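These notes are about the structure you will find just below.
Residues: numbered from 1 along the sequence shown. Everything numeric here is computed off the predicted structure, so don't read it as measured data. Below, each value reflects all heavy atoms present in this structure, side chains not excepted, and no hydrogens, waters or symmetry copies.
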Amino acid sequence: MNKTRLEAFSDGVLAIIITIMVLELKVPHNASWEALKELAPVFLSYIMSFIFIGIYWGNHHHLLHTVKKVNGGIIWSNLNLLFWLSLIPFATAWMGENHFAAFTVATYAILLLLCGAAFTILQKRIEHTLDNDSHVRHALQRVAVKGYFSVIGYAAAIPFAYVNPVISGSLFMLVAVMWIIPDKRIEKALQHE
């Protein structure tokens, strides 16, 4: 399989995930601000998840620029990531419909933890296909630190969901800010090769 096919498949899956999430937004049955106010938790969970999917899409696209050859390990690591990401619409709807109840936020944190771990696994798989002295490999190793901090942040959000879901949400956003712009070190390393 070539890289283009892997990118196209991944982009398609991520586009479907976003589409499924927006379909969960139900239209109110009356035309009032109160009706919209009742949808606020659902809409907030949608916005948060849309941002996360967008971040994964951007960083996934950025990461796949480093791929020189696709092998079975990369294909299955990519499918692992897409599997966990495909569960985000369910967790998003459940959390929003239940007004960010502690258990739903903890479940969302577990899912984000699994997505973060899957992204890190994919990154490591790609890294192992590169030469030891490759600039890109060294850049990926430095970027991996953000992945480890992400996993720690998501893991911490699980118990904090039972203390106060806002703390978990703050941890989610802290991780999002860390990843919102793909790492420039990868771009610089690609220019050197």
Side-chain angles (χ1 to χ4, degrees), residues 7-64 78-122 146-147 149-183:
E7 287 174 318
F9 177 75
S10 301
D11 287 349
V13 170
L14 292 170
I16 291 168
I17 290 169
I18 285 177
T19 303
I20 290 170
M21 283 192 322
V22 78
L23 293 175
E24 288 296 321
L25 296 175
K26 305 298 182 215
V27 177
H29 293 294
N30 66 51
S32 70
W33 286 110
E34 287 301 315
L36 285 178
K37 188 176 172 184
E38 290 174 21
L39 291 178
V42 174
F43 191 63
L44 180 60
S45 66
Y46 168 75
I47 291 170
M48 187 169 64
S49 292
F50 185 92
I51 290 168
F52 275 110
I53 296 297
I55 288 169
Y56 272 104
W57 176 77
N59 284 283
H60 183 269
H61 175 74
H62 203 67
L63 180 62
L64 288 186
N78 191 62
L79 284 171
N80 179 44
L81 173 62
L82 295 176
F83 172 77
W84 296 115
L85 289 173
S86 73
L87 295 174
I88 286 184
F90 169 78
T92 300
W94 192 36
M95 188 170 61
E97 287 291 328
N98 290 287
H99 299 252
F100 295 88
F103 186 73
T104 63
V105 174
T107 302
Y108 190 79
I110 291 167
L111 181 56
L112 290 179
L113 172 65
L114 293 167
C115 291
F119 187 86
T120 301
I121 291 167
L122 175 60
K146 283 193 331 187
F149 278 120
S150 301
V151 168
I152 291 167
Y154 295 143
I158 297 166
F160 276 123
Y162 295 101
V163 175
N164 186 341
V166 173
I167 298 171
S168 295
S170 299
L171 287 169
F172 300 155
M173 289 301 109
L174 184 64
V175 172
V177 166
M178 210 169 40
W179 287 96
I180 200 123
I181 297 172
D183 203 292

What's the spacing between [X] [atom1] and [Y] [atom2] if we round to 0.5 Å?
| X | Y | atom1 | atom2 | answer |
| --- | --- | --- | --- | --- |
| Leu111 | Trp84 | CG | CH2 | 7.5 Å |
| Ile88 | Ile17 | CD1 | CD1 | 7.0 Å |
| Leu87 | Leu114 | CG | CG | 9.0 Å |
| Ile121 | Asn78 | CD1 | CG | 12.0 Å |
| Leu113 | Thr107 | CG | OG1 | 12.0 Å |
| His60 | Leu122 | NE2 | CG | 5.5 Å |

Minimum heavy-atom distance between [X] and [Y], given as atom pair plus value:
| X | Y | answer |
| --- | --- | --- |
| Lys26 | Leu39 | O-CD1, 3.3 Å |
| Tyr154 | Gly116 | CE1-CA, 4.5 Å |
| Met178 | Lys146 | O-NZ, 3.2 Å |
| Pro89 | Ile20 | CB-CG2, 3.6 Å |
| Ala161 | Ala106 | CB-N, 3.6 Å |
| Val175 | Gly153 | CG2-CA, 4.5 Å |

Taking side chain as C-beta onward, heavy atoms only, is [X] less than 4.5 Å from [Y]?
| X | Y | answer |
| --- | --- | --- |
| Phe50 | Ile47 | no |
| Phe90 | Met21 | no |
| Leu63 | Asn59 | no |

Practice task
Under the side chain to side chain contact (heavy atoms under 4.5 Å, CB included) rule, what do Tyr108 and Thr92 come out as? Steps first, then yes or no, please.
Solution key: CA-CA 7 Å; Tyr108 190 79; Thr92 300; 3.8 Å; yes
Practice task
Let me see the working for Leu81 and Tyr56 under side chain to side chain contact (heavy atoms under 4.5 Å, CB included), right down to the final yes or no.
Solution key: CA-CA 10 Å; Leu81 173 62; Tyr56 272 104; 4.1 Å; yes
Handout entry: Side-chain donor or acceptor of Ser49 paired with backbone N/O of Tyr46 under 3.5 Å
Key = no
Practice task
Give the ring-plane orientation class for His61 versus Trp57, where under 30° counts as parallel, over 60° as perpendicular and anything between as tilted.
Solution key: parallel
[X] atom [atom1], neighbour heavy-atom count above 12 within 6.0 Å:
| X | atom1 | result |
| --- | --- | --- |
| Glu97 | CD | no |
| Leu25 | CG | yes |
| Phe100 | CZ | yes |

Practice task
Show the numbers, then the answer: is there a side chain to side chain contact (heavy atoms under 4.5 Å, CB included) between Ser86 and Leu82?
Solution key: CA-CA 6 Å; Ser86 73; Leu82 295 176; over 6 Å; no
Handout entry: Aromatic ring proximity Trp94/Phe103, centre distance under 6.0 Å
Key = yes
Problem - Pair Phe119 and Trp179, ring centroids less than 6.0 Å apart - result: yes
Exercise for the section: Check the pair Leu79 / Phe83 against side chain to side chain contact (heavy atoms under 4.5 Å, CB included), numbers first and verdict last. Expected result: CA-CA 6 Å; Leu79 284 171; Phe83 172 77; over 6 Å; no
